[in-house]
*Asks:* 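Here it is, the structure, as structure tokens.
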Amino acid sequence: MMELMHDHLPIQLTSLAQRYGSIYRLKCGNTTMVVLNSGELIREALVKKWSDFAGRPISYTGDIVSGGGQNISLGDYTEKWRAHRRLVHGALQRCCQQSLHGVIERQALHLREVLMGYHSSPVDLSEDFTVAASNVITTLAFGKEYDKSSLELQQLHSCLNEIVSLWGSSWISALDSFPLLRKFPNPVFARLLKEVARRDEIIKQHLDDYKLQGHKSEGSITGFLLQALDKHENSKEGKLLTDVHVHMATVDLLIGGTETLAAWLSWTVAFLLHRPEIQTKVYEELCTVPEGRYPKYSDRQRLPVLSALVNEVLRLRPVAPLAVPHRAIRNSSIAGFFIPKNAVIIPNLFGAHHDPAVWSEPYSFKPERFLEGGGGSTRALVPFGGGARLCLGESVAKMELFLFTAYLLRDFQFILPDSDVFPPDLRGIATVVLKIKPYKVIAHPRPPSGL
Ligand code: HEM
């Protein structure tokens, strides 16, 4: 059996595709896993045949982190799950229309102040990116934002990070494959249980505070969700969903929306350190925005170089490289191959984005491939998955990627701490999220006269 928790699992799975083809099967204990390594196969399973493959594998440890499968990302495809996702999707859409742009702009400006405060000294920015991403979600969810030194924020992050990394560890996944092990003491599992309890305590406190304020933070996701539950109290939907679903949706958004975005920003800066001339091109393009103002999301058509950069980093480092595993709800087929009910489907998004049949020089960082005549098509990208399980935060993420990058590159030039320092190692570490190894960079303020 191959080591499924390997640091470079997406790369390993992609290289197996060169030997066995873009669809192959792996056995893990009693489970059959089918790995899909091309955009075409991933779209066939997730989009065209979505109703066959919208399930999630049911696992002992997954149940523990998801409050018994009551969250969106790990919950199986049931009527209750559909009602839950619909409710949260609706709340997120309303919130996005009303306040998302302003919330991101505010956090981008706050991040600018933090970076200015480093006065061009070499720093690891990953924590600042995490705080910015997390503040977007906590503002959307509760109308609440933190600064880096906030104890509450640090507790929330340390516990969510611990849960994601403990849950990804082989000590924990072994409990799913070998039930007998559950009878023995397992210190890692004990820690996971403790962190899940801590997470639930923190989120419950937030929701209790929110209710005590009498829904004062109008326009927040929590407000929309609670109102919707009140309104549907007597409907079928209202009977299916409870406060637990509001609680678990908050966990979903925080986990789904924090490390992904922060990791992506760190990747972007790292790639730009490898090709500084791209940074200059984006900056020059940003200088064309009228009256020296910051760009709006609606300006993206007139900023093709910036958009190409966003797409190329999404292609090379899809931050959820293997998406979240799907489960076949019934017997079905992919590319003519029989797929039995309960098979676990792994969409290798990283593999699809490095498919030599679709991308020229697939391992090279070339944003210009997405410019006119460059040969790259955004339609071949699948960084957010697709179909019934499409990333719930896709529109939030796209606006964040664009605006945070625009604000950062308009105000700063990112440079290496020293001329003899190598640019960051681009291989990364893949657990659930594909992250870059820590590195230091100088965020050098651009002269205001440049605009
Ligand atoms: C699921 C990618 C940001 C919330 C997913 C999936 C992917 C993904 C690949 C799995 C889809 C599947 O199972 O087929 C990304 C990327 C992001 C990002 C690349 C940013 C660069 C966000 C944000 C949020 C979010 C900002 C919240 C506001 C979720 C949720 C799910 C999910 C709740 C579970 C959906 C379900 O199971 O139905 N994301 N995501 N994500 N994402 Fe994102």
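Just follow the structure's listing: the first ligand is 1, and inside any ligand the first atom is 1. Because the structure is a prediction, the values reported are computed rather than measured.
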*Asks:* For ligand 1, which atoms have a heavy atom of V324 less than 4.0 angstrom away?
*Replies:*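 Those atoms are 10 (C), 13 (O).
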*Asks:* Under a 4.0 Å N-O cut-off, is there an ion pair linking K366 with E312?
*Replies:*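 Result for this pair is no, no salt bridge flagged.
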*Asks:* Just to confirm my output: which protein heavy-atom neighbour is closest to atom 26 (C) of ligand 1, and how far is it?
*Replies:*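 Ranking protein heavy atoms by distance from atom 26 (C) of ligand 1, first comes G257 CA, 3.4 Å.
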*Asks:* To check your reading of the model: name the closest protein heavy atom to atom 20 (C) of ligand 1, its residue, and the distance in Å.
*Replies:*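 In this structure, atom 20 (C) of ligand 1 has A397 CB, 3.7 Å as its nearest protein heavy atom.
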*Asks:* Give me the nearest non-hydrogen protein atom to atom 4 (C) of ligand 1 as residue plus atom name, then the distance to 0.1 Å.
*Replies:*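 For atom 4 (C) of ligand 1, the nearest protein heavy atom comes out as G393 N, 3.7 Å.
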*Asks:* Taking W81's backbone N and O only, do any of them form a donor-acceptor pair with T78's side chain (distance below 3.5 Å, no angle check)?
*Replies:*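 Side chain of T78 to backbone of W81: a pair is present.
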*Asks:* Would R389 and W50 count as a cation-pi pair here, with the cationic atom under 6.0 angstrom from the ring centre and within 45° of the axis?
*Replies:*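 Relative to the ring axis of W50, which defines the angle, R389 lies outside at least one limit.
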*Asks:* Does Q413, at its CD atom, have more than 12 non-hydrogen atoms belonging to other residues, nucleotides or ligands within less than 6.0 Å?
*Replies:*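 Yes, because the 6.0 Å sphere around CD of Q413 holds more than 12 heavy atoms from other groups.
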*Asks:* For atom 2 (C) of ligand 1, which of the options A45, P383, A263, P321 provides the nearest non-hydrogen atom?
*Replies:*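 The nearest heavy atom belongs to P383.
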*Asks:* Going by the order shown, which atoms of ligand 1 are within less than 4.0 Å of some heavy atom of G256?
*Replies:*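 The atoms of ligand 1 under 4.0 Å from a heavy atom of G256 are 3 (C), 4 (C), 22 (C), 23 (C), 24 (C), 25 (C), 41 (N).
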*Asks:* Surrounding CZ of R25 (heavy atoms of other residues, nucleotides or ligands, distance under 6.0 Å), is the total greater than 12?
*Replies:*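 For R25, atom CZ is not crowded (no more than 12 foreign heavy atoms under 6.0 Å).
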*Asks:* Return yes or no for this condition: an N or O of R389 is under 3.5 Å from an N or O of ligand 1.
*Replies:*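 Yes - when backbone and side-chain N and O of R389 are compared with those of ligand 1, one distance drops under 3.5 Å.
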*Asks:* For atom 30 (C) of ligand 1, state which one of L392, L261, V251 supplies the nearest heavy atom.
*Replies:*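 Result: the heavy atom closest to atom 30 (C) of ligand 1 is in L392.
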*Asks:* Answer yes or no: is there an ion pair linking K398 with E394, defined by an N-O contact shorter than 4.0 Å?
*Replies:*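 Yes, this pair counts.
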*Asks:* In terms of atom number and element, which parts of ligand 1 are under 4.0 angstrom from non-hydrogen atoms of L46?
*Replies:*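 Near L46, meaning under 4.0 Å from one of its heavy atoms, ligand 1 has 14 (O).
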*Asks:* If the threshold is 4.0 Å, N to carboxylate O, is there a salt bridge linking R112 and D411?
*Replies:*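 Salt bridge: yes.
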*Asks:* E400 versus ligand 1: do any nitrogen or oxygen atoms come within less than 3.5 Å of each other?
*Replies:*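 No - when backbone and side-chain N and O of E400 are compared with those of ligand 1, no distance drops under 3.5 Å.
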*Asks:* For atom 35 (C) of ligand 1, what is the nearest protein heavy atom, given as residue, atom name and distance?
*Replies:*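 Its nearest protein heavy-atom neighbour is R85 NH1, 3.5 Å.
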*Asks:* Of all the atoms in ligand 1, which lie at a distance below 4.0 Å from a heavy atom belonging to S73?
*Replies:*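 Once the distances to S73 are compared, the set is 34 (C), 37 (O).
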*Asks:* So that I can tick it off, tell me whether R275 and E368 are bridged by a salt bridge, with the cut-off set at under 4.0 angstrom between side-chain N and carboxylate O.
*Replies:*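 Salt bridge flag = yes for R275 with E368.
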*Asks:* Please determine if K204 and D243 form a salt bridge, counting it only when a charged side-chain N lies under 4.0 Å from a carboxylate O.
*Replies:*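 Salt bridge between K204 and D243, a charged N being under 4.0 Å from a carboxylate O: no.
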*Asks:* Closer than 4.0 angstrom: is that true for some heavy atom of L349 and an atom of ligand 1?
*Replies:*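 Per 4.0 Å heavy-atom rule, L349 contacts ligand 1.
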*Asks:* Give the numbers and elements of all ligand 1 atoms closer than 4.0 Å to a heavy atom of V319.
*Replies:*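 So the answer, numbered in order with elements, is 19 (C), 21 (C).
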*Asks:* Measure H326 to ligand 1 on non-hydrogen atoms and call it side chain, backbone, both or neither using the 4.0 Å cut-off.
*Replies:*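 The side chain, only.
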*Asks:* Does W267 reach the main-chain N or O of L434 with its side chain, forming a donor-acceptor pair under 3.5 Å?
*Replies:*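 Yes, the answer is positive, given that a donor and an acceptor are paired below the 3.5 Å cut-off.
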*Asks:* Within a 6.0 Å radius of atom CD on E201, are there more than 12 heavy atoms belonging to other residues, nucleotides or ligands?
*Replies:*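 It does not: E201 CD has 12 such atoms or fewer within range.
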*Asks:* Considering non-hydrogen atoms of the protein only, which is the closest contact for atom 28 (C) of ligand 1, and what is the distance?
*Replies:*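 Result for atom 28 (C) of ligand 1: I137 CD1, 3.6 Å.
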*Asks:* In terms of residue, atom name and distance, what is the protein heavy atom nearest to atom 37 (O) of ligand 1?
*Replies:*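 That would be R56 NH2, 2.7 Å.
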*Asks:* Among all protein heavy atoms in this structure, tell me which lies nearest to atom 16 (C) of ligand 1, with the distance rounded to 0.1 Å.
*Replies:*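 Going by distance alone, atom 16 (C) of ligand 1 is nearest to F384 CE2, 3.5 Å.
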*Asks:* Considering only non-hydrogen protein atoms, determine which one is nearest to atom 42 (N) of ligand 1 and report residue, atom name and distance to 0.1 Å.
*Replies:*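 Going atom by atom, the protein heavy atom closest to atom 42 (N) of ligand 1 ends up being C391 SG, 3.2 Å.
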*Asks:* Based purely on interatomic distance, does W264 place a nitrogen or oxygen under 3.5 Å from a nitrogen or oxygen of ligand 1?
*Replies:*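 Among all N and O atoms of W264, none is under 3.5 Å from an N or O of ligand 1.
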*Asks:* Assess W81 for proximity to ligand 1: is some non-hydrogen atom of it under 4.0 Å away?
*Replies:*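 In this structure, W81 qualifies as a contact of ligand 1 - some heavy atom is under 4.0 Å.
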*Asks:* Heavy-atom count around R300 CZ within 6.0 Å, excluding the residue itself: above 12?
*Replies:*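 Counting other residues, nucleotides and ligands, CZ of R300 exceeds 12 neighbours.
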*Asks:* Do D299 and R302 meet the salt-bridge criterion of a basic N to acidic O distance under 4.0 Å?
*Replies:*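 Answer for the salt bridge query: yes.
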